[in-house]
There are 2 protein chains.
Amino acid sequence: MDQDKLIAPKRHRRVTAQDVAEAAGVSRSAVSRAFTEGAYLDEEKRERVRDAALKLGYRPNALAAGLQGGRSHLVAIFVGDMRNAYDTEVVTRLVGALNAIQKWPILIDGGGLSSVKEAMGEVLRYPLDALILRSGSMDPAIARECTKLHIPVISSGRVLNHPQIDNVCCRNAQGSQAAAQLLLDRGRQNFGYIAGPLGYSSSSARQDGMMRALAAAGLAPVAIEAGDFTVESGFAAAERLFERARLDALLCANDAMAIGALGAARARGIDVPADLSIVGFDDISMARWPGINLTTVCNPIDIYADKVVELLSARLADPEKPSDVAYIDTHLVLRGTH
Amino acid sequence: MDQDKLIAPKRHRRVTAQDVAEAAGVSRSAVSRAFTEGAYLDEEKRERVRDAALKLGYRPNALAAGLQGGRSHLVAIFVGDMRNAYDTEVVTRLVGALNAIQKWPILIDGGGLSSVKEAMGEVLRYPLDALILRSGSMDPAIARECTKLHIPVISSGRVLNHPQIDNVCCRNAQGSQAAAQLLLDRGRQNFGYIAGPLGYSSSSARQDGMMRALAAAGLAPVAIEAGDFTVESGFAAAERLFERARLDALLCANDAMAIGALGAARARGIDVPADLSIVGFDDISMARWPGINLTTVCNPIDIYADKVVELLSARLADPEKPSDVAYIDTHLVLRGTH
DNA sequence: CACGCCTGTGCACACGTGTTCAGATACCCG
DNA sequence: CGGGTATCTGAACACGTGTGCACAGGCGTG
């Protein structure tokens, strides 16, 4: 009956539960039970099965398990642009947090990809446990499509208003309002702002926060320029600002651009922080590097990742629960540039 | 016959090929063939199937496909420590390159994980198309275990001597030899070196390269200290070096530590590059930031990622091919610190 | 017409697992 | 000893797909 197998042994067949069963002298069901918590199986037999499995190098095939049971334990992380330092750090923490709860993250980098939509379509062929969006400029249509497939979506960094999408978002306005207040208290009056690209809710919310603090002091920003969240664009935007106006305070939509601005200020011989205060947003790891030492608004990454995982677990436990928005508090980190 | 389904409709059943078949009035096989390139199927019928599929939101289940056919299209990337800037950049490019060829990378971060071995064991339950190691200090036992499961392993950054493991590695010694020669030509004589942790082949190879260049000039390094590849450790190591000796040239095992050293030099009032040359290794994106502008040895990341994917494709095409080592050439990037 | 070739189709199997179901065995209690 | 219960076990099914196989028909050629 096993003729065919003997005649044409498959290239490199995976060790299967059947093989272990034969080696241990039990039924295949018993093998399955030996690896399932809380299943009825004689202890002695279970041990025998595990020994045989170890010897043969057997591992239950996750594809088959996922096909049969409910969960695949795969989670897709869609990240808008992995060349962005903050996004990268968030992804790093997310990967760690997911690994820790035995969920396996599949990464899709929108920044390095021409046909994002197509890639998403391919990945959605896997019955994902969840999809995590990490991106300020995600096409909401994709998110909607996922909810149609009944896979949980968690949006990070941007609140998507949809009954089935959970969100994690930091209090952007509050953060930059506090930053502006800090500089106001220090006596600064001529504010500049380096914004992110249009359409990023985080950037505009942060700008609003600053405006609110300035308005309360009867002020308005002297000049505003926009970058694309990169260091280089921050450098360029700062140069344009310095050309246009004489500032003593400069707030930036994120740390990377603040670091660029810091470089531009130094190149121009402006003394930071004596003549100019620069404050970033996010508190990426480079902000604390010697030689940068940036004063910034901390957007606590660990808490961020933990919250995402927490929301994910809750959603998996109860798929029908109402959607949730977790707001993360920021706090000022006073270093050397304010 | 479908009573049970009607009585107890599964929570949210995925749309299956059977559903599409019924909607389009064809057999289930026809649906499968409609999505398979090069399968015999009437063009008109294929179109009908695709219409129905689109309407129902059907996607062939990748788990089932992977179970049945050979490939799962999943690739695991094991990265030693995602908090390392260079590793992160490599991973980013790898993710992009894999996405582009429709392979879906599962990330495992050794740095954020207590039980790496266990995590690897869990992930190996998926029949991976390949495993990519990105780490200087990977336990070779894990790699060996993978080859036993007959899944291709590609090691990046460290050459593993195993008949079934492909490798991508840059010419470390050549790179730092050239860097040392650059500084020798500039008239430097008192060399210091900041090494990585013990057991990282890349660090020791880079040190060897420097030694070779110095020896050829009848010199030897004045002082050597070690860090752990982080900026902070580079800062600390440089301070120890400055305490011990008067240097005019400082080579570092990677860019992050060089950036730390640069900060330490500036904090101490040392003029770089007038009194001290600092050269890093890797050319991470921060090396070109204004305010850092680090002279370094470029370890070209794009080529790196492309080579990995190239080796991967070759290995998948012919699993029995002899193992290969792709050496990547480095080149000096002259900026402002030499 | 006979024959072979090419295109198109449905049936049935294999992939490897978790779990249900019914049956078997051991055990305790009245 | 009978019967109920708790524990254990194997057969069978479902999960959803890709594909080999057999077959059907159309068409061109001798």
Side-chain angles (χ1 to χ4, degrees), chain A residues 1-5 8-22 24-49 53 56-73 124-127 149, chain B residues 1-5 8-22 24-49 53 56-73 124-127 149:
Chain A
M1 62 194 240
D2 275 355
Q3 272 189 18
D4 44 351
K5 279 185 189 172
K10 280 295 259 299
R11 196 55 149 197
H12 285 302
R13 216 168 45 79
R14 241 180 112 95
V15 179
T16 168
Q18 185 66 46
D19 302 332
V20 178
E22 287 165 12
V26 299
S27 78
R28 195 192 57 75
S29 307
V31 176
S32 178
R33 277 189 260 265
F35 286 91
T36 323
E37 197 90 13
Y40 282 134
L41 188 62
D42 187 63
E43 200 50 47
E44 183 269 344
K45 197 180 271 192
R46 167 165 286 172
E47 197 142 334
R48 197 142 45 95
V49 169
L56 270 60
Y58 166 74
R59 304 162 196 278
N61 186 323
L63 289 197
L67 184 57
Q68 193 279 337
R71 311 254 92 112
S72 71
H73 297 287
L124 286 179
R125 291 183 44 183
Y126 297 86
L149 291 172
Chain B
M1 61 192 235
D2 275 356
Q3 272 189 17
D4 44 351
K5 281 184 190 174
K10 280 298 258 299
R11 197 54 148 199
H12 284 302
R13 217 168 46 79
R14 241 180 111 92
V15 179
T16 169
Q18 185 66 43
D19 302 333
V20 178
E22 286 164 13
V26 299
S27 77
R28 196 192 55 77
S29 309
V31 176
S32 178
R33 279 189 253 266
F35 286 92
T36 323
E37 196 89 14
Y40 283 134
L41 188 63
D42 187 61
E43 200 49 47
E44 184 269 344
K45 197 180 272 191
R46 166 165 285 170
E47 198 142 334
R48 197 143 44 98
V49 169
L56 271 61
Y58 166 75
R59 302 161 200 276
N61 185 323
L63 289 196
L67 184 57
Q68 193 280 336
R71 309 255 93 111
S72 72
H73 297 286
L124 285 179
R125 291 183 45 183
Y126 297 86
L149 292 173

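By convention in this document, chain letters (A, B, ...) are assigned in the order of the sequence lines, proteins followed by strands, and residues within each chain are numbered from 1.
The side chain of Ser29(B) contributes no N or O atom lying less than 4.0 Å from OP1 or OP2 of dC11(C). The phosphate of dG16(C) has neither OP1 nor OP2 within less than 4.0 Å of any side-chain N or O from Tyr126(B). Contact check, Ser27(B) against dC11(C): no side-chain N or O comes under 4.0 Å of OP1 or OP2. The phosphate of dG18(D) (OP1 or OP2) has a side-chain N or O of Ser32(B) nearer than 4.0 angstrom.
Between the side chain of Arg46(B) and the main chain of Arg33(B), a donor-acceptor pair closer than 3.5 Å is present. No donor-acceptor pair closer than 3.5 Å links the side chain of Ser72(A) to the backbone N or O of Gly66(A). Formation of a donor-acceptor pair under 3.5 Å by the Thr16(A) side chain with backbone atoms of Asp19(A) is not found in this model.
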Notebook entry, point to check: When you look at Arg125(B) and Asn61(A), which way does the side chain to side chain contact (heavy atoms under 4.5 Å, CB included) test go after all the steps?
Noted result: CA-CA 5 Å; Arg125(B) 291 183 45 183; Asn61(A) 186 323; over 6 Å; no
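Remark: C1' of dG16(D) and CG of Asp19(B) are 11 Å apart, rounded to the nearest angstrom. For Arg125(B) and dC15(C), the CZ to P distance is 19 Å, given to the nearest whole Å. One can place CD of Glu22(B) at 15 Å from C1' of dG10(C), the figure rounded to the nearest angstrom. Between the CZ atom of Arg33(B) and the C1' atom of dC21(D) there is a distance of 11 Å, rounded to whole Å. Taking atom CG of Asn61(A) as the reference point, atom C1' of dG16(D) lies 14 Å away to the nearest angstrom. Residue Arg14(A) contributes atom CZ, which lies 11 Å from atom C1' of dT17(C) at whole-angstrom precision. As a whole-Å value, the separation of Leu63(A) CG from dC15(D) C1' is 12 Å.
Heavy atoms of Arg59(A) sit under 4.0 angstrom from primed sugar atoms or phosphate atoms, though from no base atom. Using a 4.0 Å heavy-atom criterion, one finds that Phe35(B) contacts no nucleic acid atom at all.
Listed nucleotides: dG18(C), dG18(D), dG16(D). Nearest to the side chain of Pro60(A): dG18(C). Comparing atom distances between the Leu67(A) side chain and each of dT17(D), dG20(D), dC15(D) picks out dC15(D) as nearest. In this structure, of dG18(D), dA11(D), dT17(C), it is dT17(C) that holds the atom nearest to the side chain of Arg28(A).
Ring-centre distance between Tyr126(A) and Tyr126(B): not below the 6.0 Å cut-off.
Residue-to-nucleotide proximity on DNA chain C shows that, of Gln68(B) and Ala30(B), the 5′-proximal contact is made by Ala30(B).
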